[in-house]
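Report on one structure; see the data block that follows.
Numbered from 1 within each chain, the chains take letters A, B, ... in sequence-line order.
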Protein chains: 2
Amino acid sequence: MNASEVIAKLQQHIRSGSESAVTSRENSSNGDSTVSSTDSRSDEIQETTTANGKRKAELDLDMPAPPYSLSANRTPKQTADLEEVPHGISRQARDLDSYVFPVHRLAEVLQDSAMQPLVIVACGSFSPITFLHLRMFEMAIDTIRELNKFEVIGGYYSPVSDNYRKAGLAPANHRVRMCELACERTSSWLMVDAWESLQPTYQRTAVVLDHFNYEINVKRGGIKTKTGERRPAKIMLIAGGDLIESMGDPNVWAEEDLHHILGRYGCLIVERTGSDVRSFLLSHDILYEHRHNVIVIKQLIYNDISSTKVRLFIRRGMSVQYLLPNSVIRYIEEHGLYLGMSEPVSNVLKF
Amino acid sequence: MNASEVIAKLQQHIRSGSESAVTSRENSSNGDSTVSSTDSRSDEIQETTTANGKRKAELDLDMPAPPYSLSANRTPKQTADLEEVPHGISRQARDLDSYVFPVHRLAEVLQDSAMQPLVIVACGSFSPITFLHLRMFEMAIDTIRELNKFEVIGGYYSPVSDNYRKAGLAPANHRVRMCELACERTSSWLMVDAWESLQPTYQRTAVVLDHFNYEINVKRGGIKTKTGERRPAKIMLIAGGDLIESMGDPNVWAEEDLHHILGRYGCLIVERTGSDVRSFLLSHDILYEHRHNVIVIKQLIYNDISSTKVRLFIRRGMSVQYLLPNSVIRYIEEHGLYLGMSEPVSNVLKF
């Protein structure tokens, strides 16, 4: 059998929708278990993956995006259906009736019992998800490790529902899918939760965090320690500096919601180079009261990618490569997202 | 045959070093040729690819990098050898005797005879290559298209040789390989040329551009137009704003080299947000003389990624995900690059 036959067979097999496909990592680690890691985090994930067996094939048949890939008058060359199981990524339910909270990458056992388990949640439009949204979680992991207090057991994107009615919002199912592609193709630990996106009405961030708390701590009873007891996970919201600044505006956030989010949960704030989140914390009564629940993440490498600019580039037929994953670019192409849109100029300049 | 068997077979087959593997794009496009593109650039590439049949399998068995993937005291989990043909990417010669100039993605026919064919060359350390190095070419494409004067027929990285003796320089064969992985995995048009990296002595940029001119215009006679005549390609150097500023320093550049580079070839300068390349051009006699051969590329999305910072993050065990392609991160891990290095603090602060 030559390589093209093997690939054809493989594609045919995967197209048949089998759920039994294994990841190439699982496959390659069969013959080699020289893992002597002192890094608890990745072990956790490895264990989860193997334990619940829910990890789907991640065989990446994705091709690099062609140049000029997003001009309006162009038929995409790559015809593989990114919506299908072939690409090995199961997709979330499209309605609440069949909704299931995703846990395939949530750690099942806390590696270090001295640590507090932590789940990080990003709320936002993700229209589309960019490398900055992905990088944000990596920066958080590095900052949290330095605190020597938490063990990150999971990370989730929770795209807002269509009821948010913000300019530039692609339909929720597309935004969820783009996040899924980005997580499954480029990360080994991030997940996407469609619950918020499926709600018939707009849900406040406080309610979304309550949902994560319910799923992880109430329904699942938190996470097991190595001695077998269960411990609740801390849920924290991760956000850019503009979010925390919006907390100074009473038209955006209700005081009781701020107390709920910052008191009961907590916030990880990515600080843009040049801005000063600490001073803002000092000036804001509620934020100051809950300052011990706010972790500031310094952005050591400045990065200006915004979804707004990505949408604009797409409308202008400009390249968005290396601003977001190729698989997401392909998906945008396939579905013709953002091309017909127009947005107020102020929107674009703000970012 | 279940999926794991297929994958195992595939891996086994590819490991055997077969060169006959096809790309999944070629494979999937067999049954579907609905391409009705008005985009000449990607057609070109498609044609080139099919015509010379040199395009290697790009089936991407690459996995997402694990979190904390680059801590010093960690054995990488993924054991597939990124050095081998398995990943479908042929590698350049390791010595000058077997060196061949790569042309597998160089267009063979100029699509629009009214345009001047253009080849873009990036000289630098690429230790390691980052998303900024990759993004630079995409920005160039967008800027050049607006000029309506050139048709980009190819893009090359030319990593400097080890004789450059700059701090933080990984061995040239690794730097070439990382560029290859990045190009083949994430781009559909960029290539890497090992010629400069294989030279026994340091080669000036003017000499490197002469080499590209020799390979493309002298040896190959330029590029064919649709009417069959051959036309020489313009060769241009692409660089960040710091390069053009260094041109003001007579210790860095000889005057005759500047005349050679800017007069005979030309320069594409990526202008950092906040800097002013035009004013610098005005102030510099030689640059001003050749100003028509200088194209300024506005950086619309600011991006601060530098190889220096990436190396620093790696040494500190911090995540570098979403700053460079996952395949390059894995390669760095596999070969333990940058871990043992130390660099003067001034180096890091400068960037």
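When each of B:Leu190, B:Leu132, B:Ile301 is checked for heavy-atom pairs under 4.5 Å with chain A, B:Ile301 comes out on top.
Within the 4.5 Å cutoff, side-chain heavy atoms of B:Ser187 are placed close to those of A:Tyr322.
By the 30° and 60° cut-offs, the orientation of the rings of A:Tyr302 relative to B:Tyr302 is tilted.
Of all non-hydrogen atoms in B:Ser319 and A:Glu138, the two that sit nearest each other are OG-OE1, 2.5 Å. For A:Phe313 against B:Arg135, the heavy-atom pair with the smallest separation is CE2-NH2, 3.3 Å.
For B:Asp142 (side chain) and A:Met318 (main-chain N/O), no donor-acceptor pair under 3.5 Å exists by modelled atom type. In this structure, B:Gln321 contributes its side chain and A:Leu134 its backbone to no donor-acceptor pair below 3.5 Å.
For the atom pair B:Asn303 CG and A:Phe131 CZ, the distance stands at 11.0 Å (nearest 0.5 Å).
Heavy atoms closer than 4.5 Å to chain A are found in both the backbone and the side chain of B:Leu300.
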